[in-house]
Undergrad: 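My questions all concern the structure below.
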There are 4 protein chains.
Amino acid sequence: MFNINITSDKPIYEQIIDNIKELSLKNILKPDDKLPSVRQMASMLSVNPNTVSKAYQELERQKIIHTVRGKGTFISIPADYPIDSDRIIKSLESLRTICIELGHLGFHKEKIFKEIEKIYCDIEKEG
Amino acid sequence: MFNINITSDKPIYEQIIDNIKELSLKNILKPDDKLPSVRQMASMLSVNPNTVSKAYQELERQKIIHTVRGKGTFISIPADYPIDSDRIIKSLESLRTICIELGHLGFHKEKIFKEIEKIYCDIEKEG
Amino acid sequence: MFNINITSDKPIYEQIIDNIKELSLKNILKPDDKLPSVRQMASMLSVNPNTVSKAYQELERQKIIHTVRGKGTFISIPADYPIDSDRIIKSLESLRTICIELGHLGFHKEKIFKEIEKIYCDIEKEG
Amino acid sequence: MFNINITSDKPIYEQIIDNIKELSLKNILKPDDKLPSVRQMASMLSVNPNTVSKAYQELERQKIIHTVRGKGTFISIPADYPIDSDRIIKSLESLRTICIELGHLGFHKEKIFKEIEKIYCDIEKEG
DNA sequence: GTGGTCTAGACCACC
DNA sequence: GTGGTCTAGACCACA
């Protein structure tokens, strides 16, 4: 279920975040589903609990999960208006950077569209 | 011409790389155009020459620029078959991650397509 | 273990690269073995950490080593298909240049073969 | 006849040296043949005369060519005993380094032998 | 003039 | 603890 690559240049805590976001978007993790505890998750993934903790904190900050003291951590109901304009701006900048990079790698607009179709095809497969 | 943000979390040398890639894709920097020398660029950007040098070296590895000994650094002619499959895989993974992130921010497929149209509109404006 | 000659005309970071490649080919450094940390290696060789870092980064680009975040740097398992055709072309050009140079120094084909036998004898001694 | 690549990482003056050594070994340039003057060579190759001059000086130091004042520069008769042991040691070290590099690129002894056969095949073609 | 290498020393993110 | 980035300033080879 979780893809973690300790060799990757991407920090492990970010990979955990990405995994949970993906499972949530795919509706495999649904609102009010309980996440494994920090320690369970850490031993599942063979990583340091601090790393998992950092991921959970960031996800909480982004209102994707929330913690109930003494109960555990749960997937949140997506807000209608996230309006975290900083994150939007950053994401759109990243999108721009990647389009440029892909441009240099021979991917032009239509080819990028096709790749995105593929990604959505995968994301919406479940649900 | 160059947008560098010293306070950004993205390393300066990567920002330089991104800027040059963008200018090259926009055809503002054309093949055989001379880039500012390492020292010129460094003083333009108020940055250490080593930082510029690192950016140039990475761009050279990616065959986007090349150096002529004692003369300077020049934009290369795009190769017909670059195909650095590692870079392609990484870029497509980033694209996937960003689509998921944008999904959580309320951007679904059609909205992402519109954003990419905007990006291409900007890139191809010159030419 | 490591032969570094500060007065050599060959850059120190390249000498470090060559040393690690040799130890790896001799199987003295085996896959998953941990390399000394950048700082350890730097103090071992009485060299600046940045210089070691540059060597490690180049070795990583060549997929001979890889880093695990927060853990250190490790010898990689040789890929089945590395095939960096640029590096192969460059190496064969160097081989050609050296054969010509050795030709001028009185080494002809058979004598070069004998030298290579010696080199392989040394490389395969361990293992 | 001359292959010079100003984009190469190898200094131009070394490329000139390599070219002349190769032509000499192939016996296309024979003892007592006159080389183009520094200026002729420079304009032939579109390089700076200083660069050609540096190459000629190094070739003279290696006793591969010699200058007759007022007459020009000529290919020397190969000495029976070059005994430039420094150059021999350096060349054999380079040979070793390249064998190791080629080892990492999937070329083992027999394959290297084959490459050398190819090189000699090319060198001795003329004669 | 150009880029390439190296040092000493600092700060940071990640685990 | 690890590696990654950056600075300031030096020296060198090449053209």
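Naming: A, B, ... by sequence-line order, numbering from 1 per chain. Please read these numbers as outputs of a predicted model, since none were measured by experiment.
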Undergrad: Does C:Val68 or D:Lys54 map to a spot on DNA chain F nearer the 5' end, using the closest nucleotide for each?
TA: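 Whichever sits nearer the 5' end wins; that is C:Val68.
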Undergrad: Measure the distance from CD1 on C:Ile65 to P on F:dT2 and round it to the nearest whole Å.
TA: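 So the CD1-P distance, C:Ile65 to F:dT2, works out to 15 Å.
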Undergrad: Quick one: does C:Arg39 reach the base of F:dG3 with a side-chain donor-acceptor pair under 3.5 Å?
TA: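 Check passes, donor-acceptor contact within cut-off.
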Undergrad: Hey, which of these two, B:Glu14 or B:Asn48, hits DNA chain F nearer its 5' end, going by closest nucleotide?
TA: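 Mapping each residue to its closest nucleotide by heavy atoms, the 5'-most match is B:Glu14.
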Undergrad: With nearest nucleotide decided by heavy atoms, which residue, A:Pro11 or B:Pro36, maps closer to the 5′ end of DNA chain E?
TA: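 Whichever sits nearer the 5' end wins; that is B:Pro36.
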Undergrad: Quickly, which of D:His66, D:Gln62, D:Lys63, D:Glu60 forms a side-chain hydrogen bond (donor to acceptor under 3.5 Å, both in side chains) with D:Ser76? Name it, please.
TA: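 Answer to the side-chain hydrogen bond (donor to acceptor under 3.5 Å, both in side chains) test with D:Ser76 among D:His66, D:Gln62, D:Lys63, D:Glu60: D:His66.
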Undergrad: It should be established whether C:Thr51 places a side-chain nitrogen or oxygen under 4.0 Å from OP1 or OP2 of nucleotide E:dT7.
TA: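 Yes, C:Thr51 has a side-chain N/O under 4.0 Å of OP1/OP2 on E:dT7.
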Undergrad: Across all strands, who's sitting opposite F:dC14 as a Watson-Crick or G-U wobble pair, both distances under 3.5 Å?
TA: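 Pairing partner, where one exists within any strand: E:dG1.
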Undergrad: For the residue pair D:Ile20 and D:Met41, establish whether any side-chain heavy-atom pair is separated by less than 4.5 Å.
TA: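 Contact flag for D:Ile20/D:Met41 side chains = yes.
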Undergrad: Let me know the distance between CD of B:Glu60 and C1' of E:dG4, rounded to the nearest Å.
TA: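 Rounded to whole Å, this separation is 11 Å.
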Undergrad: Can you tell me the distance, in whole Å, between the NZ atom of C:Lys34 and the C1' atom of F:dG3?
TA: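 Those two atoms, NZ and C1', are 10 Å apart.
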Undergrad: Looking at C:Ser37, I'd like to know whether one of its side-chain N or O atoms comes within less than 4.0 Å of OP1 or OP2 on F:dT2.
TA: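 True: C:Ser37 side-chain N/O within range (under 4.0 Å) of F:dT2 OP1/OP2.
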Undergrad: Relative to the 5' end of DNA chain E, which residue comes earlier, C:Tyr13 or A:Lys10, by the nucleotide with the nearest heavy atom?
TA: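 Its nearest nucleotide lies further toward 5', so the answer is C:Tyr13.
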Undergrad: Test A:Tyr56 against A:Leu35 for side-chain contact (heavy atoms from CB on, under 4.5 Å), laying out the working first.
TA: CA-CA 10 Å; A:Tyr56 279 20; A:Leu35 287 174; 3.8 Å; yes
Undergrad: Is B:Thr73 near enough to E:dG3 that one of its side-chain N or O atoms lies under 4.0 angstrom from OP1 or OP2?
TA: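 So the side chain of B:Thr73 is within the cut-off, an N or O lying under 4.0 Å from OP1 or OP2 of E:dG3.
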Undergrad: Which heavy atom in A:Ser91 sits nearest to a heavy atom in B:Leu105, and how many Å separate them?
TA: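 So the two residues come closest at OG-CD1, 3.6 Å.
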Undergrad: Whole angstrom is fine here: how far is it from CD1 in A:Ile6 over to P in F:dG3?
TA: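 Going from A:Ile6 (CD1) to F:dG3 (P), I get 14 Å.
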Undergrad: Atom CG of B:Asp9 to atom C1' of F:dG4: distance rounded to whole Å?
TA: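 After rounding, the reported distance stands at 14 Å.
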Undergrad: Grab the CD1-P distance between C:Ile4 and E:dT7 for me, whole Å please.
TA: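 Taking CD1 of C:Ile4 and P of E:dT7, I get 11 Å after rounding.
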Undergrad: Considering just the side-chain nitrogens and oxygens of B:Gln57, establish if one lies under 4.0 Å of OP1 or OP2 belonging to E:dG4.
TA: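 Yes, because at least one side-chain N or O of B:Gln57 sits under 4.0 Å from OP1 or OP2 of E:dG4.
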Undergrad: Looking at E:dC15, I'd like to know if its phosphate oxygens (OP1 or OP2) sit under 4.0 Å from a side-chain N or O belonging to C:Arg69.
TA: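 So the side chain of C:Arg69 is within the cut-off, an N or O lying under 4.0 Å from OP1 or OP2 of E:dC15.
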Undergrad: Could you state the CG-P distance from C:Asn50 to E:dT5, rounded to the nearest angstrom?
TA: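 Distance check: C:Asn50 CG to E:dT5 P gives 13 Å.
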Undergrad: How many whole angstroms separate atom CD1 of B:Ile12 from atom P of F:dA8?
TA: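 Those two atoms, CD1 and P, are 10 Å apart.
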Undergrad: Looking at E:dG4, I'd like to know if its phosphate oxygens (OP1 or OP2) sit under 4.0 Å from a side-chain N or O belonging to B:Ser53.
TA: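 Answer is yes, contact under 4.0 Å.
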Undergrad: Taking the basic N atoms (NZ, or NE/NH1/NH2) and the acidic carboxylate oxygens, is any pair closer than 4.0 Å for C:Glu93 and C:Arg96?
TA: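 Looking at C:Glu93 and C:Arg96, the cut-off is not met.
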